[in-house]
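Scroll down for the structure; my scribbles are underneath it.
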Amino acid sequence: MEIRNVAIIAHVDHGKTTLVDALLKQSGTFRENEHVDERVMDSNDLERERGITILAKNTAVHYGDYKINIIDTPGHADFGGEVERVLKMVDGVILLVDAFEGVMPQTRFVLRKALNLNLKPIVVLNKIDRDGARPKEVVDEVIELFLELAANDDQLNFPVIYASGKNGWASMDPNIEGTDMKPIFETIIDYIGAPKVEKDKPLQMLVSSIDYDNYVGRIAIGRIERGALNQGQNVAVCRKDGNVQNLKIGKIYTYQGLKRIEVETAEAGDVVAVVGIPDINIGETIADPTDPEAVPFVDIDEPTLTMTFSVNNGPFAGKEGEFVTSRHLRDRLMKELESNVSLRVEETDSPDSFKVSGRGELHLSVLIETMRREGFEFMVSRPTVIYKEIDGVKCEPIEELVVDVPDEFTGSVIEKLGTRKAEMTNMIVGHQGYTRLEFKIPARGLIGYRSEFLTDTKGNGIMNHIFSGYEPVKGEITPRNKGTLIAFETGKAVTYGLFNAQERGTLFIGAGTEVYQGMIVGENPRPEDMEVNVCKEKHLTNTRASGSDDALRLTPPRQMSLEQAIEYIQEDELVEVTPKNIRLRKKILDPTARIRWMRANGLL
């Protein structure tokens with residue numbers, strides 16, 4: 001059976017996973033009466049809740065005499081490491097572009113990676129049936145992008161397909177509605193071509209992905225570059241440090257739809273999953289013991305943000321989590337390194353703290369949320385950018401920011417971003433009342449901006465950004481200009497205490513919430529922090545005044561998601577994460593010690 005290997009790449013929310021759904025359904029992967037969820041490839045809870053793809057995943061469909069291995073990749077820039085490593089498994093890419101939104105920051109990023117690896121591109125304009133779709137202009141934008149990224153003549157001669165992934169059709173003509181996905185299948189077979197592999201040479205397989213199963217342990221996933229692989233075969237594993245280890249593999253699986261099918265042997269060009277090598281890692285090579293030659297692995301971009309993960313030392317430590325010690329925390333972070341190639345973990349001076357670096361806030365917050373759901377209890381600090389010294393000049397990461405905002409809000413958005421050291425590079429007066437603004441902005445200028453942006457645009461703005469490179473430090477950016485309301489004592493928050501506290505600012509907690517001294521319970525509109533007693537109860541007396549016993553009315557508290565909490569905190573604050581709660585707190589809980597520390601660090 002002929003093989004084709006292709007990855008679907010696109011900006012977030014342009015419809016990759018929905019398109020894969022349509023390809024799977026029309027290839028006969030599912031029974032006619034089988035119930036299939038939408039976005040079937042988004043298999044874990046976090047992906048379903050957030051509506052985004054986080055992990056790259058493999059599937060395979062059969063079309064006539066051909067087997068097409070398809071890799072669905074994440075669209076968010078923070079998970080770019082997932083895209084970079086899986087591109088080594090394929091010979092071509094389907095670049096998906098929204099027929100309304102057009103080229104977006106992540107489109108540029110993923111396409112650059114694909115072109116650098118000399119992969120063949122097929123362009124699919126998705127959501128062609130959407131109101132306001134502008135296929136002609138978007139095709140021009142795509143051509144401009146290819147030229148800007150210095151694509152070669154072969155890559156510039158890409159086919160364009162017009163599709164509606166949601167409705168399951170594709171067409172070669174933007175004015176004619178298709179009936180099925182055949183144009184995409186046919187174009188993959190004709191244009192991508194068979195894998196360029198050497199079947200007669202000694203075995204060579206690069207591990208591009210790692211999975212885990214409770215019964216068989218670690219599963220190495222990758223494409224066989226040379227030779228063939230058999231069950232129980234003796235192989236050499238070329239490690240990242242240059243060592244070579246001789247081992248015997250167990251079972252081999254290939255992909256069929258959403259399932260893995262056990263096979264006796266697999267040939268060069270196919271994407272396979274191998275079990276039996278307990279400590280194999282991404283980027284290592286399974287080779288022939290007589291000729292152990294490693295395959296060079298793709299360069300993964302460096303992290304740009306760092307946070308400190310530390311053991312919870314608050315008054316409620318150990319009450320809500322299952323895994324609470326530094327050993328638990330360290331083991332879990334080290335395990336994450338095995339599959340999360342763009343993450344970095346470093347030890348610190350304290351045995352209870354670890355420096356964790358990633359691609360962005362979303363990259364790190366997904367890890368935190370995953371650990372929280374697994375039963376971990378720990379604290380995280382405010383994210384800080386990673387500076388570099390280039391030619392003796394201190395440089396910081398710069399992001400390309402693209403925002404689509406309703407016309408009436410452009411002034412306030414430009415003004416706010418100006419205070420965060422953003423430089424506008426382009427302004428396109430758009431369609432349907434929206435304007436597109438493009439900026440270059442320091443990564444630290446984006447920390448904490450998303451919630452402010454949604455407030456300024458009344459929830460109608462769309463914001464996307466991607467790492468651009470390092471540039472000299474842009475200068476001081478003013479931190480949050482509002483203080484916090486801090487719990488005065490440990491206890492349970494009551495309505496009377498909260499009623500008095502809400503006059504001071506915005507509350508983050510409701511009645512009945514357990515609080516402790518030093519915990520942040522609200523926001524003070526003034527710059528300074530203020531202690532409030534939310535546990536204070538009303539003293540009962542023998543006298544009754546008219547109206548004094550009327551029910552006290554509390555304003556609903558501001559509920560913060562994990563990302564909002566991480567964005568909100570300042571240098572002297574932490575987020576306490578447990579399976580049941582997300583709390584904000586001061587690093588130093590005792591007020592006297594806190595004032596001393598702030599004076600010593602010039603914060604007062």
Side-chain angles (χ1 to χ4, degrees), residues 5-20 41-42 47 52-58 69-99 101-127 138-139 141-152 155-156 158-161 163 165 184 188 191-192 208-209 282 297-304 340-342 358-360 362-363 399-402 438 464-469:
N5 298 318
V6 66
I8 300 187
I9 59 174
H11 183 81
V12 66
D13 228 18
H14 278 196
K16 294 176 301 303
T17 308
T18 307
L19 189 81
V20 174
M41 295 291 281
D42 286 348
E47 289 180 317
I52 58 171
T53 304
I54 294 170
L55 302 169
K57 298 178 201 69
N58 300 50
N69 287 310
I70 301 171
I71 301 172
D72 182 24
T73 64
H76 201 286
D78 282 19
F79 308 112
E82 292 284 314
V83 182
E84 289 161 356
R85 63 181 173 77
V86 298
L87 289 180
K88 287 290 280 184
M89 284 198 268
V90 298
D91 306 288
V93 292
I94 294 176
L95 177 69
L96 206 67
V97 184
D98 189 309
E101 289 187 357
V103 170
M104 296 292 275
Q106 180 73 358
T107 317
R108 177 188 307 275
F109 167 77
V110 290
L111 182 61
R112 184 189 291 128
K113 296 287 177 190
L115 295 179
N116 289 347
L117 288 168
N118 208 25
L119 300 176
K120 283 189 152 189
I122 296 169
V123 174
V124 174
L125 259 60
N126 196 26
K127 307 184 188 180
V138 172
V139 169
E141 284 178 23
V142 172
I143 292 169
E144 277 178 34
L145 179 62
F146 271 80
L147 291 168
E148 195 182 315
L149 297 176
N152 60 40
Q155 290 169 330
L156 271 170
F158 56 82
V160 179
I161 304 169
I184 293 181
I188 291 170
Y191 184 72
I192 299 295
S208 299
S209 193
I282 291 169
F297 191 50
V298 65
D299 288 334
I300 302 290
D301 287 348
E302 290 294 310
T304 56
N340 200 334
V341 290
S342 46
R359 284 283 185 85
L362 185 63
H363 184 205
E399 302 268 333
E400 279 178 34
L401 173 68
V402 175
E438 296 178 13
N464 291 288
H465 56 90
I466 189 160
F467 174 67
S468 168

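Numbering starts at 1 and runs along the sequence shown.
Side-chain contact between Ile161 and Val123 is absent, with no heavy atoms from C-beta onward closer than 4.5 Å. The shortest distance between side-chain heavy atoms of Val97 and Val124 does not fall below 4.5 Å. The side-chain heavy atoms of Asn118 and Asn116, taken from C-beta on, include no pair separated by under 4.5 Å. With contacts defined as side-chain heavy-atom distances shorter than 4.5 Å, the pair Leu95/Phe158 does not qualify. Leu19 has its side chain within reach of Ile184: a pair of non-hydrogen atoms, C-beta onward, lies under 4.5 Å apart. Contact check for Gln155 versus Pro121: side-chain heavy atoms found under the 4.5 Å cut-off. Put simply, the side chain of Ile8 does not reach to within 4.5 Å of the side chain of Thr73, judged on heavy atoms.
Every residue was checked against the salt bridge (charged side-chain N to carboxylate O under 4.0 Å, His left out) condition with Lys88, not counting sequence neighbours, and none meets it. Applying the side-chain hydrogen bond (donor to acceptor under 3.5 Å, both in side chains) rule to Glu438 yields no partners; only residues at least two apart in sequence or on another chain are considered. For Glu144, the salt bridge (charged side-chain N to carboxylate O under 4.0 Å, His left out) test picks out no residue, with sequence neighbours left out. Checked against side-chain hydrogen bond (donor to acceptor under 3.5 Å, both in side chains), Ser209 has the following partners two or more places apart in sequence or in another chain: Arg85. Residues passing the side-chain hydrogen bond (donor to acceptor under 3.5 Å, both in side chains) test with Asn69 are Asn5, Asp270, sequence neighbours excluded. Applying the salt bridge (charged side-chain N to carboxylate O under 4.0 Å, His left out) criterion to Asp91, with sequence neighbours excluded, gives Arg223.
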For a side-chain contact (heavy atoms from CB on, under 4.5 Å) check, start with the C-alpha distance between Ser468 and Glu400, then their side-chain angles and the critical distance, and finish with the verdict. CA-CA 6 Å; Ser468 168; Glu400 279 178 34; 3.8 Å; yes

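Residues Leu115 and Ala151 share a closest heavy-atom pair of CD1-CB, 3.9 Å. Between His363 and Ser342, the shortest heavy-atom distance links the atoms CE1-OG, 3.5 Å. Here the shortest heavy-atom pairing between Val138 and Ala99 reads CG2-O, 3.5 Å. The heavy-atom pair separating Val139 from Val160 by the smallest distance is CG2-CG1, 4.1 Å. Between Gly165 and Asn126, the shortest heavy-atom distance links the atoms N-OD1, 2.9 Å. A pairwise comparison of heavy atoms in Leu87 and Ala7 identifies CD2-CB, 4.1 Å as the closest pair.
The distance from atom CZ of Phe467 to atom CD of Glu302, rounded to the nearest 0.5 Å, is 9.5 Å. Note that CG of Leu111 is 10.0 Å distant from CD of Glu148, once rounded to the nearest 0.5 Å. With values rounded to the nearest 0.5 angstrom, Leu156 atom CG is found 5.5 Å from Leu147 atom CG. Once rounded to the nearest 0.5 Å, the distance linking CG of Asn58 with CD1 of Ile70 reads 10.5 Å. The CG atom of Asn464 sits 8.5 Å away from atom CG of Leu401, with the distance rounded to the nearest 0.5 Å. From Ile94, atom CD1 reaches atom CD1 of Ile71 across 11.5 Å, with rounding to the nearest 0.5 Å.
Figure legend: Lys120 and Tyr191 shown as a cation-pi pair, the cationic atom lying under 6.0 angstrom from the six-membered ring centre and within 45 degrees of its axis.
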